[in-house]
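From a predicted model like this one, the values you see are computed outputs, not experimental measurements.
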Amino acid sequence: MQEKLRSDVIKHGVERAPHRSLLKAVGVTDNELEKPFIAIVNSYTNIVPGHIHLNTIADAAKAGVRSAGGVPFEFNTIAICDGIAMGHSGMKYSLPSRELIADSIETMIEAHKFDGMVMLTNCDKITPGMLIAAARLDIPTIFVTGGPMLAGFYEGKKVGLISVFEAVGNYSIGKMSEKELKKLEDVACPTCGSCSGLFTANTMSCLTEALGMSLPYCATTPATSSLKIRLAKESGERIVKMVYENLRPSNIMNRKSFENAIAVDMALGGSTNTIIHLTAIARELGIEIDLSVFDQISRIVPHVCDIYPGGKYMLEDLDRAGGIPALMKNISKFLDLDQLTVTGKSIKENIVDAKVLDTQIIRPLENPLHNEGGIAILRGNLAPNGAVIKTAAISEKNLYFKGPAIVFDSEEECTNAIFCGRIERGQVIVIRYEGPKGGPGMREMLSPTSAIVGMGLSDSVALVTDGRFSGGTRGPCIGHVSPEAYDGGPIAILQNGDIIEIDIRKRALNVRLSSKEIEERLKYWKRPEPKVKSTSYLRRYAKMVSSADKGCIIE
């Protein structure tokens, strides 16, 4: 048992009488001064559906801390809803918010010397931001992810947020009336929770569990389930024991556990955003994960989960099929099952009773959706440092695509061209200057990709960008092109009509230009003026952020 608590530095000794006085002002008793101080790090806000219920989860976690002999203190960090921020300048702030979240948690924890943390999170950048903070601070930490929302129903079919984004494209070409669009809008997001498909939020929740940082079944348990309350209570109880055991993130998250998480990601067919997040989290622990690691694992781990938007099942269905423990048991031959988790037990012990309860949702290894994982890393003269594609969401016939480029210098330019009917079948749409520095903030491109799907073009055009894609993106869409255009990457010198070749089986992304011609064009290239004011947080972020292949970390 740990003899000294971290919080003793603010509680013990004559010289800490002023500190104790302030603690007593918030109701702390003399008896509680001898107990572990536990931070309940809450990302509640009433504008984000995935977070609107987190105060209820927080109450349960605090009850668990108290019942186990700890003293809970709650504070908040920010949360951005990527769906609401999508398709306009607000999306520039989404990825940069990850660093603000990590920094704000570090600031609160170090200033008040908490002994442990319960992280209450759910959506896209909040979960990775909290994982970065956990890795950086390395004090006992447990995660409670808020859970997915339930699916909506429209005309007898399950629908979600992406259904609405894609319906805008349907409406623009007359396939859907405004009245029908309104009906879909009203039912697509029926409950609290993170959006119901395998987007970044739910993918990161699944990977948090796979890393060993949350209790089994936490990731897929719906936001509306009473089990989520019980898991929060159990997590509150468990964190107090973890403090006395001194069980820290660095004991749980190591290279093998990251490889486990990547394997789970490939089997799920999750969001491409996990690549920048896992890379950044590992970096905080001194673990370097090159893009080649993702591709190596993708080559051997099959894609076995048929989850929306690429598939037909929702997260609630994955939960019903056995959740992440069942999936990990299904792909156990690719995992290191001896890795430690927040339970104090190994993965092997955690999943011993897990079962796959529906083989249509979690398919057997001998009958996968795809023989390789759901994400691939592409390289070539257009992406010397790598690019990313979600192979789980494209058709077999688009594993090879070649066509002339049509080039845009912003998402807005591209979206306008799509809705104005300027995109032709067979073209490769290029959106540049949307990278971490050039955007700045590396926006997700869900609006143009959804419009392409809604207009029936998803199998006949490709899209290449130095920005990002939502986990909800479908079709041959390649993001994270590195180096980005703003750093003088080859994507910066593309011209309309240049022939781009995409070969996913060969993991290749090339433009049919010679090295000499690329070098010659780069001689005449000039970096554009920054898009944001000099006083903006985004301007500061752009000056310090690394490239996408390095995880978009602050350097």
Begin from the C-alpha positions of Thr141 and Met253 and carry the test side-chain contact (heavy atoms from CB on, under 4.5 Å) through to its verdict.
CA-CA 11 Å; Thr141 305; Met253 293 192 289; over 6 Å; no
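- Ser172 places a side-chain N or O within donor-acceptor distance of the main-chain N or O of Gly169, the cut-off being under 3.5 Å.
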Using salt bridge (charged side-chain N to carboxylate O under 4.0 Å, His left out), reason through Glu396 and Arg505 one step at a time and then give a plain yes or no.
CA-CA 10 Å; Glu396 190 76 15; Arg505 289 190 181 92; 3.0 Å; yes
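- Crowding of Asp358 atom CG: a count of heavy atoms from other residues, nucleotides or ligands under 6.0 Å exceeding 12.
- A salt bridge does not link Asp319 with Lys228: every distance from a Lys NZ or Arg NE/NH1/NH2 to an Asp or Glu carboxylate oxygen is 4.0 Å or more.
- For Leu365 against Pro302, the heavy-atom pair with the smallest separation is CD2-CG, 3.7 Å.
- A donor-acceptor contact shorter than 3.5 Å is absent between the side chain of Thr208 and the backbone of Ser214.
- Within 6.0 Å of atom NZ in Lys550, 12 or fewer heavy atoms from other residues, nucleotides or ligands are found, so the atom counts as exposed in its surroundings.
- Put simply, CZ on Phe469 and OG on Ser450 are 11.0 Å apart, with the number rounded to the nearest 0.5 Å.
- Under the 4.5 Å side-chain criterion, counting only non-hydrogen atoms from C-beta, Met266 is not in contact with Phe334.
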Check the pair Leu382 / Ile491 against side-chain contact (heavy atoms from CB on, under 4.5 Å), numbers first and verdict last.
CA-CA 6 Å; Leu382 189 50; Ile491 193 173; 4.2 Å; yes
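- A salt bridge between Glu316 and Lys158 is present, with a side-chain N of the basic residue lying under 4.0 Å from a carboxylate O of the acidic one.
- In this structure, CG on Asn46 lies 13.5 Å from NE2 on His53, to the nearest 0.5 angstrom.
- Atom CG of residue Leu131 and atom CG of residue Leu211 lie 6.5 Å apart, to the nearest 0.5 angstrom.
- Between the side chain of Asn76 and the backbone N or O of Tyr44, at least one donor-acceptor pair lies under 3.5 Å.
- With hydrogens and angles ignored, the 3.5 Å screen pairs a side-chain donor or acceptor of Asp466 with a backbone N or O of Glu434.
- Between atom CD1 of residue Ile275 and atom SG of residue Cys552 there is a gap of 11.5 Å, rounded to the nearest 0.5 Å.
- The minimum heavy-atom distance linking Met149 with Pro49 is given by the pair CE-CB, 4.0 Å.
- Between Thr272 and Glu444, the closest side-chain pair of non-hydrogen atoms is not below 4.5 Å.
- Applying side chain to side chain contact (heavy atoms under 4.5 Å, CB included) to Ile500 and the options Ile478, Val428, Ile429 leaves one that passes, Val428.
- The shortest distance between side-chain heavy atoms of Ile362 and Cys305 falls below 4.5 Å.
- Across Cys123 and Ser194, no two heavy atoms sit closer than the pair SG-CB, 4.4 Å.
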Start with the C-alpha distance between Phe165 and Thr449, add both sets of side-chain angles, then the distance that settles side-chain contact (heavy atoms from CB on, under 4.5 Å), and finish with yes or no.
CA-CA 9 Å; Phe165 271 99; Thr449 59; over 6 Å; no
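- No donor-acceptor distance shorter than 3.5 angstrom exists from the side chain of Lys92 to the backbone of Val532, with no hydrogens or angles considered.
- Of the charged side-chain nitrogens involved, none lies within less than 4.0 Å of a carboxylate oxygen, so that Arg363 and Asp306 do not count as a salt-bridged pair.
- Rounding to the nearest 0.5 Å gives a distance of 11.0 Å between CG of Leu291 and CD of Gln296.
- Using cut-offs of 30° and 60° for the angle between ring planes, the Phe199 and Tyr308 rings count as perpendicular.
- Proximity of a side-chain donor or acceptor of Arg507 to a complementary backbone N or O of Ile504 within less than 3.5 Å is detected.
- Put simply, the side chain of Cys206 reaches to within 4.5 Å of the side chain of Leu268, judged on heavy atoms.
- What you find for Ile431 and Pro448 is that their closest heavy atoms are CD1-CG, 4.4 Å.
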Would you please test Glu501 and Tyr400 for side-chain hydrogen bond (donor to acceptor under 3.5 Å, both in side chains) and show each step?
CA-CA 8 Å; Glu501 185 177 25; Tyr400 178 86; 2.5 Å; yes
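- Paired with Pro436 under the rule side chain to side chain contact (heavy atoms under 4.5 Å, CB included), one option of Met442, Arg468, His480 passes, and it is Met442.
- Closest non-hydrogen pair, Ile361 versus Asp317, comes out as CD1-O, 3.4 Å.
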Test side-chain contact (heavy atoms from CB on, under 4.5 Å) applied to Thr341 and Gln339, step by step
CA-CA 7 Å; Thr341 72; Gln339 292 305 303; 5.9 Å; no
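- Within a 6.0 Å sphere centred on OH of Tyr171, other residues, nucleotides and ligands contribute 12 heavy atoms or fewer.
- Contact annotation: the side chain of Asn122 never approaches that of Ser43 to less than 4.5 Å [non-hydrogen atoms, C-beta and beyond].
- Electrostatic pairing of Lys125 and Asp82 counts as a salt bridge here, judged by a charged N lying under 4.0 Å from a carboxylate O.
- Here the side chains of Met130 and Thr77 are in contact, with some heavy-atom distance below 4.5 Å.
- Not one N or O on the side chain of Gln427 forms a donor-acceptor pair closer than 3.5 Å with the backbone of Ile406.
- Considering every non-hydrogen atom in both Leu184 and Ser163, the closest pair reads CD2-O, 3.5 Å.
- At distances below 3.5 Å, at least one donor-acceptor pair connects side-chain atoms of Ser205 with backbone N or O atoms of Ala201.
- Residues Ser460 and Leu457 are in side-chain contact: their nearest non-hydrogen atoms beyond the backbone lie under 4.5 Å apart.
- The CG atom of Leu315 sits 10.5 Å away from the CG atom of Leu150 when rounded to the nearest 0.5 Å.
- Between Ile375 and the choices Ile297, Thr274, Thr391, Ile262, the side chain to side chain contact (heavy atoms under 4.5 Å, CB included) rule is met once, by Thr274.
- Remark: the backbone N or O of Ile132 is not paired with any side-chain donor or acceptor of Arg98 at under 3.5 angstrom.
- No donor-acceptor pair closer than 3.5 Å links the side chain of Asn260 to the backbone N or O of Leu335.
- Proximity of Glu99 to Tyr541: side-chain heavy atoms (C-beta onward) are separated by under 4.5 Å at one or more points.
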